[in-house]
Amino acid sequence: MASTLFTKMFLGHRLIHSTSFLSHQPQFLSSLFSKRLFCIQTVPVPVSTSQNIKTTGWVPCMASSSVGRRASYSTQSVSTNEPVVSVDWLYDNLKVPDIKVLDASWYMPDEQRNPIQEYQVAHIPSALFFDVDGIADRTTKLPHMLPSEEAFAAAVSALGIENKDDLVVYDGKGLFSAARVWWMFRVFGHDRIWVLDGGLPRWRASGYDVESSASSDAILKASAASEAIEKVYKGQTVGPVTFQTKFQPHLVWNLDQVKKNIEEKTHQHIDARSKPRFDGAVPEPRKGIRSGHVPNSKCIPFAQLLDSSHTLLPENELKKRFEQEGISLDSPAVTSCGTGVTACILALGLHRLGKSDVAVYDGSWTEWGAQSDTPVDIS
């Protein structure tokens with residue numbers, strides 16, 4: 001086999017040239033191209049990255065303690081008041097009709113990880129790929145902003161998603177960008193969506209199968225979703241729409257609403273960024289963005305809502321964490337972060353505590369900090 005495997009794929013409007021990091025993994029490549037299910041024998045399994053692939057233990061899956069277990073419940077027994085489901089629950093319900101699984105992996109630019117490439121290498125069986133950067137507003141330079149209703153409906157319809165579907169969304173870090181997609185669907189009126197607690201790392205660590213697909217129907221659907229977005233913003237006709245949106249404006253805030261809230265203080269503003277960024281003690285990772293925070297906002301770094309395995313903390317610990325920062329569960333709240341991704345983790349945690357009406361400031365600090373006329377505080 002050639003020392004370097006090149007994958008060229010056109011995903012919507014982007015041509016991805018990816019150099020494989022698997023050139024020295026013959027066992028893995030054999031399973032990849034035969035499209036077998038595979039897993040890691042050793043537990044726990046580290047998150048795979050293009051810089052760090054576990055070099056031993058890639059073998060066809062053996063039966064785990066859960067294999068053969070009958071599903072004892074379905075999504076109808078899961079309340080939308082609980083925003084996450086366990087990997088064991090998903091395993092039991094993976095083949096239930098009308099359940100669709102979404103891989104919504106997204107990474108910070110400095111992590112140098114390619115989510116679509118990682119999806120092709122390993123994903124939960126039958127999962128679709130949801131492109132966080134692609135299914136976004138094409139009229140702004142701000143990253144992955146919420147698209148229009150028409151654009152979102154066209155994109156998810158291209159993925160094969162319908163209103164009758166129950167959705168489970170996960171990511172490659174455990175609990176990170178999946179929360180953003182959970183929030184997006186709720187903004188557009190689809191409440192029957194849950195985040196996979198612990199994501200792909202916990203799925204693997206539990207011994208469940210993952211699937212590889214160098215070229216698959218899911219990749220074609222991801223490409224079609226990106227093309228549908230492009231067509232909508234160009235005013236062109238798109239294919240059949242199978243998903244009808246019902247916009248929930250109270251769940252998304254813009255810059256003007258945040259400005260107004262500084263004076264009126266109707267909502268508690270919670271920032272999910274790290275404390276040094278919030279305090280203005282370190283530069284922002286994006287160029288041209290001032291350091292600091294929105295006046296009157298409070299800082300709860302998103303990682304403080306997760307345990308060491310990147311699963312959401314239980315209710316009592318979440319409640320304690322918010323109360324420590326003076327957040328009242330009886331008052332309205334809006335969350336923000338750097339680009340509107342980890343703010344959704346705060347919304348997810350508050351949802352577990354019964355606050356289902358938490359707004360997310362979509363533009364977040366990337367928008368606020370780039371303005372010349374927005375007030376900024378530093379600690």
Side-chain angles (χ1 to χ4, degrees), residues 10-14 100 102-106 115-116 128-165 167 169 177-193 195 220-260 334-344 347-348 356-368 370-371:
F10 188 76
L11 179 58
H13 61 291
R14 286 171 290 184
K100 287 187 171 66
L102 306 178
D103 183 325
S105 298
W106 176 87
I116 186 65
L128 300 164
F129 182 75
F130 188 103
D131 185 2
V132 171
D133 279 333
I135 301 179
D137 185 358
R138 300 294 172 82
T139 66
T140 176
K141 292 182 179 180
L142 292 171
H144 43 251
M145 290 285 283
L146 197 70
S148 68
E149 286 188 77
E150 184 184 1
F152 186 83
V156 299
S157 295
L159 288 175
I161 296 171
E162 302 178 35
N163 293 90
K164 65 182 178 63
D165 293 329
L167 305 175
V169 57
S177 52
R180 168 77 184 186
V181 176
W182 167 83
W183 171 78
M184 289 175 71
F185 272 94
R186 292 182 63 249
V187 168
F188 291 116
H190 191 86
D191 287 335
R192 294 198 63 79
I193 180 167
V195 172
L220 296 176
K221 286 180 177 178
S223 176
S226 189
E227 290 173 359
I229 287 270
E230 287 281 2
K231 286 183 177 180
V232 168
Y233 281 105
K234 290 179 178 178
Q236 300 173 358
T237 303
V238 297
V241 175
T242 59
F243 185 91
Q244 304 297 323
T245 60
K246 188 176 180 181
F247 186 57
Q248 307 296 308
H250 66 284
L251 294 179
V252 55
W253 270 28
N254 59 32
L255 185 142
D256 289 336
Q257 287 171 293
V258 177
K259 280 185 176 180
K260 186 177 180 181
V334 58
T335 65
S336 66
C337 56
T339 63
V341 174
T342 59
C344 299
L348 192 81
S356 60
D357 58 350
V358 175
V360 170
Y361 170 29
D362 196 19
S364 278
W365 193 254
T366 298
E367 180 179 42
W368 189 271
Q371 306 294 314

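What you see below is based on every heavy atom in this structure, not just the backbone, and it leaves out hydrogens, waters and symmetry mates.
Summarising the geometry, atom CZ belonging to F188 is positioned 10.5 Å from atom CD belonging to Q248; distances are rounded to the nearest 0.5 Å. The distance from atom NE2 of H144 to atom OG1 of T366, rounded to the nearest 0.5 Å, is 7.5 Å. Here the straight-line distance linking atom OG1 of T339 with atom CG of L142 works out to 9.5 Å at 0.5 Å rounding. Interatomic distance, I193 CD1 to L102 CG, rounded to the nearest 0.5 Å: 6.0 Å. Rounding to the nearest 0.5 Å places CG of N163 at 7.0 Å from NE2 of H190. Rounded to the nearest 0.5 angstrom, W253 CH2 and T335 OG1 are separated by 10.5 Å.
Among residues two or more places apart in sequence or in another chain, the side-chain hydrogen bond (donor to acceptor under 3.5 Å, both in side chains) test is passed with K164 by D98. Not counting sequence neighbours, D103 has no partner by the salt bridge (charged side-chain N to carboxylate O under 4.0 Å, His left out) test. Looking at residues two or more places apart in sequence or on another chain, you find a side chain to side chain contact (heavy atoms under 4.5 Å, CB included) between T242 and S157, E162. When the side-chain hydrogen bond (donor to acceptor under 3.5 Å, both in side chains) test is applied to S364, no partner is found at least two apart in sequence or on another chain. With sequence neighbours left out, the salt bridge (charged side-chain N to carboxylate O under 4.0 Å, His left out) criterion links D137 to no other residue.
The side chain to side chain donor-acceptor pair (under 3.5 Å) analysis of residues 145-154, with sequence neighbours excluded, yields the pairs E149-T245.
Q371 contributes no side-chain N or O that, together with a main-chain N or O of W368, makes up a donor-acceptor pair within less than 3.5 Å. Of the possible polar contacts, none joining the W183 side chain to the G340 backbone as a donor-acceptor pair under 3.5 Å is found. Side-chain atoms of D165 never come within 3.5 Å of backbone atoms of K100 as a donor-acceptor pair (strictly under, hydrogens ignored).
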Fill in: Pair D362-R180, salt bridge (charged side-chain N to carboxylate O under 4.0 Å, His left out): steps then yes or no
CA-CA 10 Å; D362 196 19; R180 168 77 184 186; 2.8 Å; yes
Practice prompt. Please test F130 against L128 for side chain to side chain contact (heavy atoms under 4.5 Å, CB included), starting from the C-alpha separation and ending with a verdict.
Written response: CA-CA 6 Å; F130 188 103; L128 300 164; over 6 Å; no
Worksheet item: Do S356 and R186 pass the side chain to side chain contact (heavy atoms under 4.5 Å, CB included) test, and can you show the C-alpha distance, the side-chain angles, and the key distance before you say yes or no?
Response: CA-CA 10 Å; S356 60; R186 292 182 63 249; 4.1 Å; yes
Item to complete: Apply side chain to side chain contact (heavy atoms under 4.5 Å, CB included) to F185 and F243, showing your working.
Response: CA-CA 11 Å; F185 272 94; F243 185 91; 4.0 Å; yes
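None of V195, V341, V169, L167 except one satisfies the side-chain contact (heavy atoms from CB on, under 4.5 Å) rule with V181; the exception is V169.
Of all heavy-atom pairs between A158 and A228, the closest is CB-CB, 4.5 Å.
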